[in-house]
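Only one structure is covered here, and it is reproduced in the block below.
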Amino acid sequence: MSYGLPAESAPAAPSCYRHPGRETWIQCARCGRPICPECMTTAPVGYQCPQCVREGEQSVRRARSTFGGSLTRDSRVTMGIIGVCAVLFVAVSLAGMGGGLSRLGMQPVAIAVLGQWGRLPASMFLHGGWLHIAFNMYVLYVLGPPLERLLGHLRFLGLFLLSGLGGAVASYCFSPIQTLSVGASGAIFGLLAATIVVGLRLHQDVSQVVILLLINVALGFALAGIDWRAHLGGALTGAVTALILTHGRGDRSGSRAAAQAVALLAVVAVLVAAVAWRTEQIRSMLLG
């Protein structure tokens with residue numbers, strides 16, 4: 001009695017597609033090609049070959065968020081901004097709060113006459129006291145992560161920076177020339193406005209956010225020492241930026257991204273033009 005096939009009649013073992021000299025009965029669960037132990041990677045079902053693993057990683061990297069940003073589940077940009085603000089607050093406090101803010105805060109006369117342009121972007125990361133930074137960072141911690149997940153890291157960072165810069169430019173253009181202004185409030189108001197825009201795009205109820213925005217705008221006029229100009233400038237810039245970033249939802253084409261980039265550059269150009277106008281005005285006022 002005979003069982004099975006004679007040795008000379010048994011089919012030859014296939015060879016690994018990457019190492020022809022290695023016989024193997026293991027197959028890639030995705031493409032079916034034979035792979036040796038060195039080439040196989042454990043998958044949810046069976047094993048996969050190196051090429052299929054790479055293709056799977058690429059498809060994950062190509063995944064996009066609701067509004068076209070890279071799909072993400074973390075809030076690294078939000079946490080990074082909070083970290084930068086905290087480090088600068090401690091550093092300025094140790095060096096002398098008054099002196100540090102006077103050297104780095106947004107002050108129209110120093111910018112226009114002395115050419116200290118770095119004050120405009122720097123001012124959005126500085127704060128004048130514990131209550132000031134605590135309130136701004138708490139609001140950023142609440143508003144930032146949802147927006148970052150919807151827009152993606154890079155788009156969210158652009159939203160924050162443009163909103164903060166818009167607030168600083170508005171303060172520069174319309175505040176008394178000796179004003180010293182600091183804080184992320186302009187950027188925070190931009191995030192509030194952006195949350196409203198994004199919510200409307202997604203057909204969500206944003207009434208509570210609108211009320212919160214209006215209350216904080218009113219407080220800017222009612223309380224002394226609050227730069228309401230930066231608040232309004234940040235809110236307006238944030239709303240416009242959010243409209244640009246959420247335009248054409250669902251469209252994954254390169255033309256959409258290019259159009260967004262051009263529109264964002266136009267926003268930057270408007271801010272630059274406003275700075276140039278105010279600089280000339282201040283110089284004419286002081287230097288004749």
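Side-chain atoms of Thr179 come within 3.5 Å of backbone N or O of Pro176 as a donor-acceptor pair. Gln260 places a side-chain N or O within donor-acceptor distance of the main-chain N or O of Ile244, the cut-off being under 3.5 Å.
A perpendicular orientation is assigned to the rings of His132 and His127, their planes being inclined by more than 60° (bins at 30° and 60°). Taking the six-membered ring for Trp and thresholds of 30 and 60 degrees, Phe89 and Trp130 have ring planes more than 60 degrees apart, a perpendicular arrangement.
By the side-chain contact (heavy atoms from CB on, under 4.5 Å) test, Pro50 pairs with Tyr17, Arg18, Cys39, Arg54, sequence neighbours left out. For the side chain to side chain donor-acceptor pair (under 3.5 Å) test, no residue two or more places apart in sequence or in another chain qualifies with Gln27. Contacts of Arg278 classified as side chain to side chain donor-acceptor pair (under 3.5 Å), with partners at least two apart in sequence or in another chain: Gln281. Applying the side chain to side chain donor-acceptor pair (under 3.5 Å) test to Gln204 and every residue at least two apart in sequence or in another chain returns nothing. Listed by chain and residue number, nothing satisfies the side-chain contact (heavy atoms from CB on, under 4.5 Å) test with Leu265 (two or more places apart in sequence, or in another chain). Residues satisfying the side-chain contact (heavy atoms from CB on, under 4.5 Å) criterion with Ala170, sequence neighbours excluded, are absent altogether. Looking at residues two or more places apart in sequence or on another chain, you find no salt bridge (Lys or Arg N to Asp or Glu O under 4.0 Å) involving Arg103. Scanning for side chain to side chain donor-acceptor pair (under 3.5 Å) contacts around Thr241 gives an empty result, with sequence neighbours left out. Taking the salt bridge (Lys or Arg N to Asp or Glu O under 4.0 Å) definition, one finds that Arg22 meets it with Glu38, sequence neighbours left out.
The hydrophobic cluster containing Leu94, built from Ile/Leu/Val/Met/Phe/Trp/Tyr side-chain heavy atoms closer than 4.5 Å, also comprises Val90.
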Which donor-acceptor pairs under 3.5 Å do side chains of residues 213-220 form with protein atoms, sequence neighbours excluded?
from: Asn216; atom 1: ND2; to: Leu212; atom 2: O; distance (Å): 2.8

Show me the donor-acceptor pairs, under 3.5 Å and distance only, between side chains in residues 181-188 and residues at least two apart or in other chains.
from: Ser181; atom 1: OG; to: Asp227; atom 2: OD2; distance (Å): 2.7
from: Ser185; atom 1: OG; to: Asn136; atom 2: OD1; distance (Å): 3.4
from: Ser185; atom 1: OG; to: Asn136; atom 2: ND2; distance (Å): 3.3

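At a threshold of 4.5 Å between side-chain heavy atoms, the hydrophobic network of Ile, Leu, Val, Met, Phe, Trp and Tyr places Leu151 and Leu157 in one connected group.
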**OP:** For side-chain contact (heavy atoms from CB on, under 4.5 Å), just list the numbers for Gln51 and Cys31, CA-CA rounded to whole Å, side-chain angles, deciding distance to a tenth of an Å, and then say yes or no.
**Re:** CA-CA 9 Å; Gln51 183 174 335; Cys31 67; over 6 Å; no

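Side-chain N/O atoms of Tyr141 and Ser75 include no donor and acceptor closer than 3.5 Å.
With rounding to the nearest 0.5 Å, the separation of OG1 in Thr246 from CG in Leu202 is 8.5 Å.
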